[in-house]
Amino acid sequence: QVQLVESGGGSLQAGGSLRLSCVASGYTISHYCMGWFRQAPGKERERVATVYTGSRVTFYADSVEVRFTLSLDLPKKTLYLEMNSLKPEDTAMYYCSASRGQIWSGGPCSSVTAFQTWGQGTQVTVSS
C-alpha cells in the first residue's frame with residue numbers, strides 16, 4: 001500500500017496559479033487510481049481530478065475542467081495538479097488519494113470508493 005504526501009498549497013489572490021504535488025512511497029504507482037479531492041469548511045469532500053495511471057485516462061470535475069490539469073511522473077512516483085485561474089470557491093483542503101493496490105483496468109477508478117489511501121492534505125486559500 002502506498003503512502004501519500006502532498007505539498008504545494010498556499011494562499012493567493014484570485015486569478016493566480018498553484019501546482020500541487022503528491023509523492024507516493026512504495027514500489028510503484030503504475031496501474032493505480034490516483035487523484036485529488038478537496039473539502040471546504042462545511043462541505044462534503046468532492047472529487048476534483050483523478051487518473052488511472054495504467055492508461056492515463058483522466059476525470060475532471062466540471063468546476064475545474066480547463067483550469068486544472070493533472071500530470072503524472074511515474075519514475076518519480078509523483079502526481080501533480082496544476083491549478084490556473086484560481087477562484088475563491090477553489091478554497092479548500094486538497095487531498096491526494098490512491099487506490100489501495102494495483103488495479104488492472106480503469107473502470108473501478110470511476111467510483112470514489114476505489115480511493116482508499118489518503119494523504120494529510122494541503123490547504124489552498126484563494127482570496128478575491
Side-chain angles (χ1 to χ4, degrees):
Q1 180 175 342
V2 298
Q3 293 182 321
L4 307 170
V5 178
E6 305 99 330
S7 63
S11 298
L12 71 167
Q13 291 190 326
S17 299
L18 279 176
R19 187 176 77 161
L20 306 184
S21 300
C22 172
V23 180
S25 66
Y27 178 67
T28 181
I29 58 170
S30 177
H31 295 88
Y32 275 77
C33 303
M34 289 192 73
W36 293 91
F37 293 71
R38 67 186 181 187
Q39 187 167 20
K43 295 187 177 180
E44 293 187 356
R45 187 174 293 185
E46 65 169 331
R47 181 163 63 166
V48 176
T50 58
V51 60
Y52 173 53
T53 65
S55 63
R56 304 200 179 213
V57 171
T58 54
F59 163 88
Y60 292 93
D62 290 344
S63 59
V64 307
E65 195 154 19
V66 176
R67 299 187 298 122
F68 290 11
T69 304
L70 281 173
S71 60
L72 184 65
D73 188 330
L74 284 177
K76 291 185 177 180
K77 295 182 287 184
T78 303
L79 178 70
Y80 301 98
L81 182 67
E82 187 77 34
M83 305 187 296
N84 298 310
S85 302
L86 282 160
K87 304 175 180 180
E89 51 264 44
D90 294 317
T91 294
M93 185 70 80
Y94 283 71
Y95 297 92
C96 181
S97 185
S99 50
R100 191 179 299 277
Q102 289 181 298
I103 294 177
W104 301 108
S105 72
C109 299
S110 64
S111 171
V112 295
T113 59
F115 296 85
Q116 299 186 358
T117 300
W118 297 87
Q120 294 300 306
T122 185
Q123 178 69 36
V124 174
T125 303
V126 184
S127 58
S128 58

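Nearest heavy atoms, Ser128 versus Pro88: CB-CG, 3.8 Å. For the residue pair Pro108 and Ala114, the shortest heavy atom distance occurs at O-CB, 3.3 Å. Closest approach of Ser85 to Ser17, counting heavy atoms only: N-OG, 4.3 Å. What you find for Ala24 and Val2 is that their closest heavy atoms are CB-CB, 4.4 Å. Ser30 and Thr53 make their closest contact through C-OG1, 3.4 Å (heavy atoms, listed as atom of the first residue, atom of the second, distance).
Under the 4.5 Å side-chain contact rule for hydrophobic residues, Leu12 and Leu81 share a cluster. Tyr95 is not connected to Leu86 by any chain of hydrophobic side-chain contacts under 4.5 Å among Ile, Leu, Val, Met, Phe, Trp and Tyr, and they are in different clusters. In the hydrophobic cluster analysis, where Ile, Leu, Val, Met, Phe, Trp and Tyr join through side-chain heavy atoms closer than 4.5 angstrom, Leu72 is grouped together with Tyr60.
In terms of the side chain to side chain contact (heavy atoms under 4.5 Å, CB included) criterion, residue partners of Glu82 (sequence neighbours excluded) are, by chain and number, Arg19, Thr69, Asn84. Not counting sequence neighbours, the partners of Thr117 by the side-chain hydrogen bond (donor to acceptor under 3.5 Å, both in side chains) test are Gln1. For Tyr32, there are no ring pair (Phe, Tyr, Trp, His ring centres under 6.0 Å) partners two or more places apart in sequence or in a different chain. Scanning for side-chain hydrogen bond (donor to acceptor under 3.5 Å, both in side chains) contacts around Gln39 gives an empty result, with sequence neighbours left out. The side chain to side chain contact (heavy atoms under 4.5 Å, CB included) test applied to Thr125 returns Ser11, Thr91, Gln123, not counting sequence neighbours. Remark: Val124 pairs with Leu18, Leu20, Met83, Tyr94, Val126 by the side chain to side chain contact (heavy atoms under 4.5 Å, CB included) rule, at least two apart or across chains. By the side-chain hydrogen bond (donor to acceptor under 3.5 Å, both in side chains) test, Thr113 pairs with Ser111, sequence neighbours left out. With sequence neighbours excluded, the residues forming a side chain to side chain contact (heavy atoms under 4.5 Å, CB included) with Ser55 are Tyr52, Val57, listed by chain and number. Partners of Phe37 according to the ring pair (Phe, Tyr, Trp, His ring centres under 6.0 Å) rule, which considers only residues two or more places apart in sequence or in another chain, are Phe115, Trp118.
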task = Given side chain to side chain contact (heavy atoms under 4.5 Å, CB included), test Ser97 with Trp36 step by step and report yes or no.
result = CA-CA 6 Å; Ser97 185; Trp36 293 91; over 6 Å; no
ask   = Should Met34 and Leu70 be marked as a side chain to side chain contact (heavy atoms under 4.5 Å, CB included) after you check the CA-CA gap, both sets of side-chain angles, and the distance that decides it?
value = CA-CA 10 Å; Met34 289 192 73; Leu70 281 173; over 6 Å; no
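Sorted by first and then second residue, the salt bridge (Lys or Arg N to Asp or Glu O under 4.0 Å) pairs with a member in residues 53-77 read Arg67-Asp90; sequence neighbours excluded. Applying the disulfide bond (SG atoms under 2.5 Å apart) test to residues at least two apart or on different chains, none of the pairs has a partner in residues 47-95.
To the nearest 0.5 angstrom, Leu79 atom CG is 9.0 Å from Ser21 atom OG. The line from CD of Gln116 to CZ of Arg100 is 4.5 Å long, rounded to the nearest 0.5 Å.
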Please list, one pair per line, the donor and acceptor atoms closer than 3.5 Å that link side chains of residues 44-51 to other protein atoms, with sequence neighbours excluded.
from  : atom 1 : to     : atom 2 : distance (Å)
Glu46 : OE2    : Arg38  : NE     : 2.6
Glu46 : OE2    : Arg38  : NH2    : 3.2
Arg47 : NH1    : Cys109 : O      : 3.0
Arg47 : NH2    : Ser110 : O      : 3.2

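Distance alone, capped at 3.5 Å, places no donor-acceptor pair between the Thr122 side chain and the Glu6 backbone.
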